[in-house]
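None of these values were measured; they are calculated from a predicted model.
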Amino acid sequence: MATDVILDTNVLVAGGFNRHSASAKILGLVRKGKLRVVWNHETRGEIEYILRKIPPLSMRDSKALFRKDARFRGRTDPGQFRYVPDPADRKFAALADASGATLISNDDDLLAGRKRARVPIVTPEEFLRPVSSPSPPDEHSARHSARPRRVRRRRR
């Protein structure tokens with residue numbers, strides 16, 4: 001079963017310009033069916049509008065992005081998200097809140113509001129990061145990283 005996510009427009013733009021970015025990896029997971037992009041009329045409208053304005057980017061992946069079964073038909077209220085400074089970004093926060101899907105964004109305004117959000121708002125890198133906690137350093141690496149390094153100066 002695919003994981004539901006909401007992609008902010010900037011994730012699509014970043015993924016379109018850098019094939020090796022975390023955003024591009026997320027788009028690859030969408031194409032493979034591992035992620036399902038939840039959308040509504042408002043978010044789809046903005047995404048299509050922006051992508052049409054950037055000639056190198058196309059809507060060729062729109063079938064993967066805007067699957068009919070992933071359309072959110074419930075009510076959203078962007079006005080409830082005034083803590084997001086940019087009114088154009090509020091529709092994404094409202095959709096995430098109403099649908100319960102994780103919002104993936106590189107937008108500073110949306111990321112700054114994550115403490116107030118009821119659903120996760122993460123960067124593409126954070127979304128791809130494994131959930132498991134890092135393993136404790138081994139004795140050798142802990143010993144060497146704790147020791148200050150001496151800088152050798154060249155004699156003149």
Rounded to the nearest 0.5 angstrom, the CD1-CZ distance for Ile47 and Phe92 is 4.5 Å
Looking at Glu48 and Arg52, is there a salt bridge between them, counting it only when a charged N and a carboxylate O are closer than 4.0 Å? yes
Quiz item: Do side-chain atoms of Arg114 reach the backbone of Val122 as a donor and acceptor pair under 3.5 angstrom?
Solution: no
Here the gap from Leu95 atom CG to Asp8 atom CG, rounded to the nearest 0.5 Å, amounts to 11.0 Å
Review point. Taking C-beta and beyond as the side chain, do Val84 and Asp107 meet within less than 4.5 Å on heavy atoms?
Key: no
Rounding to 0.5 Å, atoms CG (Leu27) and CG (Leu7) come to a distance of 6.5 Å
Rounded to the nearest 0.5 angstrom, the CZ-CG distance for Phe127 and Leu103 is 11.0 Å
Transitively linked via ILVMFWY side-chain contacts under 4.5 Å: Val119 with Leu128? no
Q: Check whether any side-chain heavy atom of Ser23 sits under 4.5 Å from a side-chain heavy atom of Asn106, and report yes or no.
A: yes
Ala24 and Arg19 have their tightest heavy-atom pair at CB-O, 3.4 Å
May I ask you to decide if Arg67's main-chain N or O and Arg36's side chain share a donor-acceptor pair within less than 3.5 Å? no
*Flag the pair Phe72 / Ile6 as yes when at least one side-chain heavy-atom distance between them is below 4.5 Å, and no otherwise.*
no
### Query
Do Arg90 and Arg82 touch side chain to side chain, with heavy atoms closer than 4.5 Å?
yes
Val11 and Ser105 have their tightest heavy-atom pair at CG2-CA, 3.9 Å
Heavy-atom nearest pair, Lys91 first then Glu42, reads CD-O, 3.5 Å
Output for pair (Asp89 CG, Thr43 OG1), nearest 0.5 Å, gives 12.0 Å
One should read off an interatomic distance between Asp108 CG and Thr123 OG1, to the nearest 0.5 angstrom, of 11.0 Å
Does atom CZ of Arg71 have more than 12 heavy-atom neighbours, drawn from other residues, nucleotides or ligands, at distances under 6.0 Å?
yes
- Message: Are the side chains of Leu29 and Thr3 in contact, using a 4.5 Å heavy-atom criterion?
- Response: no
